[in-house]
Visitor: 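Quick one: structure below, then a few questions.
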Amino acid sequence: MAKRLRPLTDERPKCLLTVGSRTLLQRTVDSLVGAGITELVVVTGYRAEMVRDFLRAHYPTLTIHFLHNADYANNNNIFSLWMTRPYTEGQDFLLLDSDILFDPQIIPTLLRTEGSALSLNRHELGDEEIKVIVDDKNQVLEISKTCSPQEAIGESVGIEKMTAEYSSALFPELEQMIEREGLVDVFYERAFERLIPQGHTFQVVDTTQLFSIELDTVEDFENAKKLIPAELYD
């Protein structure tokens with residue numbers, strides 16, 4: 001519902017806010033299409049019909065599977081990811097949050113990386129970021145808002161590539177968390193952390209040199225319009 005972005009989101013979901021001539025959602029889908037992606041699974045919540053109408057109008061030739069997280073006011077993104085199980089379990093797939101303004105080159109950079117991979121931005125860290133701590137092989141050891149800013153090497157951008165092997169392990173863990181433990185209102189990074197002791201993690205890909213910013217507040221949105229490189233502002 002992006003309450004911190006009100007009044008910008010009073011009448012539209014965050015992903016349909018515009019930077020330059022395109023919405024965040026359009027920029028994301030254009031990046032995926034540019035990297036050769038032809039099939040999307042889109043989980044909607046707040047003002048779902050606007051998202052569906054927009055994508056159908058702008059991308060009539062794409063294969064798009066729409067799922068609706070009806071209790072979006074009480075469920076976090078872990079539940080939205082859980083809903084995609086019929087399409088993504090045992091498959092290679094990309095996971096993207098819908099509120100990121102980013103350089104399209106992040107997508108092919110991740111796709112070229114062997115194994116499951118996570119995009120990371122190095123900058124000064126505070127309490128709000130999803131922070132990442134790695135081992136000596138540059139693989140994720142911890143990923144959460146609460147891990148130590150001093151030990152973390154940067155912030156997760158919110159774009160991950162998952163292999164079929166990883167997704168085969170992910171969904172049984174999500175089933176345990178959601179169906180048995182009732183953890184519907186947590187970030188999906190909690191599942192990522194629980195998979196690490198089971199031998200499933202991400203290779204960190206440093207994409208600091210490629211622009212990315214998460215948009216949570218009106219201030220974020222205004223800063224993004226100032227910070228985005230000129231060549232991306234179209």
Side-chain angles (χ1 to χ4, degrees), residues 1-2 15 37 39-46 48 51 64-100 110-111 113-120 127-135 137-149 151-205 214 216:
M1 295 170 71
C15 65
I37 303 298
E39 184 176 6
L40 305 180
V41 180
V42 178
V43 185
T44 58
Y46 176 63
V51 175
I64 305 178
H65 310 282
F66 290 102
L67 303 168
H68 184 54
N69 184 349
D71 196 16
Y72 59 84
N74 298 304
N75 295 334
N76 210 322
N77 62 9
I78 193 171
F79 196 85
S80 293
L81 176 57
W82 163 243
M83 290 180 65
T84 72
R85 187 178 198 175
Y87 300 100
T88 53
E89 184 175 23
Q91 304 293 322
D92 297 331
F93 71 95
L94 290 166
L95 174 65
L96 298 92
D97 294 337
S98 65
D99 59 353
I100 314 165
L110 279 183
L111 291 175
T113 304
E114 186 176 352
S116 296
L118 175 149
S119 177
L120 178 124
D127 294 331
E128 281 301 307
E129 297 93 349
I130 297 289
K131 295 171 281 291
V132 178
I133 296 174
V134 298
D135 62 16
K137 296 179 180 177
N138 210 36
Q139 294 183 327
V140 175
L141 275 179
E142 294 183 43
I143 176 169
S144 70
K145 281 192 175 185
T146 57
C147 65
S148 167
E151 294 181 47
I153 65 167
E155 175 187 11
S156 173
V157 170
I159 306 175
E160 294 87 20
K161 183 191 74 165
M162 302 191 189
T163 63
E165 179 185 9
Y166 190 95
S167 64
S168 294
L170 173 64
F171 283 95
E173 190 63 37
L174 290 174
E175 181 176 354
Q176 169 67 29
M177 295 174 72
I178 290 170
E179 299 289 346
R180 298 180 180 85
E181 299 175 34
L183 296 174
V184 298
D185 191 23
V186 299
F187 295 109
Y188 51 59
E189 284 85 2
R190 180 85 68 85
F192 299 167
E193 284 209 304
R194 288 172 55 147
L195 286 175
I196 293 170
Q198 301 176 40
H200 304 283
T201 190
F202 294 98
Q203 188 72 31
V204 167
V205 180
E214 184 179 6
D216 288 323

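We count residues from 1, following the sequence as given. Everything quoted here is computed from the prediction, not taken from an experiment. Side-chain atoms are counted along with the backbone in the values below, which use heavy atoms only and exclude waters and symmetry mates.
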Visitor: Would you give the length of the straight line joining atom CD1 of I78 to atom CZ of F187, rounded to the nearest 0.5 angstrom?
Guide: 11.0 Å
Visitor: Considering non-hydrogen atoms only, spot the tightest contact between L81 and L170 and give its length.
Guide: CD2-CD2, 4.1 Å
Visitor: Of the non-hydrogen atoms in S168 and G90, which two are nearest, and what is the gap between them?
Guide: OG-CA, 3.3 Å
Visitor: Are the side chains of M162 and F192 in touch, meaning some heavy atoms are under 4.5 Å apart?
Guide: yes
Visitor: How many angstroms lie between CG in L195 and CD1 in I143, if you round to the nearest 0.5 Å?
Guide: 11.5 Å
Visitor: Okay, side chain of D71, backbone of N75: is any donor-acceptor separation there less than 3.5 Å?
Guide: no
Visitor: So, taking the atom named CZ in R190 and the one named OG in S144, what distance separates them when rounded to the nearest 0.5 Å?
Guide: 9.0 Å
Visitor: Would you say the side chains of E165 and H200 form a donor-acceptor pair under 3.5 Å?
Guide: no
Visitor: Shortest non-hydrogen contact from H68 to G45?
Guide: CE1-O, 3.3 Å
Visitor: Indicate yes or no: does E189 engage K145 in a salt bridge with an N to O separation below 4.0 Å.
Guide: no
Visitor: Go through it in stages, so that I can follow the logic: the residues are D97 and Y188, the test is side-chain hydrogen bond (donor to acceptor under 3.5 Å, both in side chains), and I'd like the CA-CA distance, side-chain angles, deciding distance and then a yes or no.
Guide: CA-CA 11 Å; D97 294 337; Y188 51 59; 2.5 Å; yes
Visitor: Could you walk me through whether T88 and F171 pass the side-chain contact (heavy atoms from CB on, under 4.5 Å) test, one step at a time?
Guide: CA-CA 9 Å; T88 53; F171 283 95; 3.0 Å; yes
Visitor: Is the closest basic N to carboxylate O distance between E151 and K131 below 4.0 Å?
Guide: no
Visitor: Ignoring hydrogens, what is the shortest heavy-atom contact between C147 and I133? Give both atom names and the distance.
Guide: CB-CD1, 3.9 Å
Visitor: Please report the interatomic distance CG(D185) to CD1(I178), rounded to the nearest 0.5 Å.
Guide: 11.0 Å
Visitor: Is there a side-chain contact between V51 and C15 (heavy atoms, below 4.5 Å)?
Guide: yes
Visitor: A side-chain contact here means heavy atoms from C-beta on lying under 4.5 Å apart; do L118 and V205 qualify?
Guide: no
Visitor: Which heavy-atom pair separates V140 from I196 by the least distance, and what is that distance?
Guide: O-CD1, 3.5 Å
Visitor: Atom CG in L174, atom OG in S167: separation rounded to 0.5 Å?
Guide: 10.5 Å
Visitor: State, with a plain yes or no, whether a side-chain heavy atom of E155 is found less than 4.5 Å away from one of E214.
Guide: yes
Visitor: Could you tell me if the side chain of L67 sits less than 4.5 Å from the side chain of T84, heavy atoms only?
Guide: yes
Visitor: Could you check whether T163 and D92, counting side-chain N and O atoms only, form a donor-acceptor pair closer than 3.5 Å?
Guide: no
Visitor: With ring-ring contact (aromatic ring centres under 6.0 Å, His included) as the criterion, how do Y166 and F202 come out once you've worked through the C-alpha distance, each side chain's angles and the decisive distance to 0.1 Å?
Guide: CA-CA 9 Å; Y166 190 95; F202 294 98; 4.7 Å; yes
Visitor: Once you round to the nearest 0.5 Å, how far does CG of L95 lie from CD of E160?
Guide: 5.0 Å
Visitor: Determine whether the aromatic ring centres of residues Y87 and F93 are separated by less than 6.0 angstrom.
Guide: no
Visitor: Of all the heavy-atom pairs spanning N69 and S80, show the shortest one and how long it is.
Guide: ND2-OG, 3.0 Å
Visitor: Would you say the side chain of E89 lies within less than 4.5 Å of the side chain of P172, judging by non-hydrogen atoms?
Guide: yes
Visitor: Are S116 and T201 close enough that some pair of their side-chain heavy atoms sits under 4.5 Å apart?
Guide: no
Visitor: Between Q203 and E114, does any side-chain donor sit less than 3.5 Å from a side-chain acceptor?
Guide: no
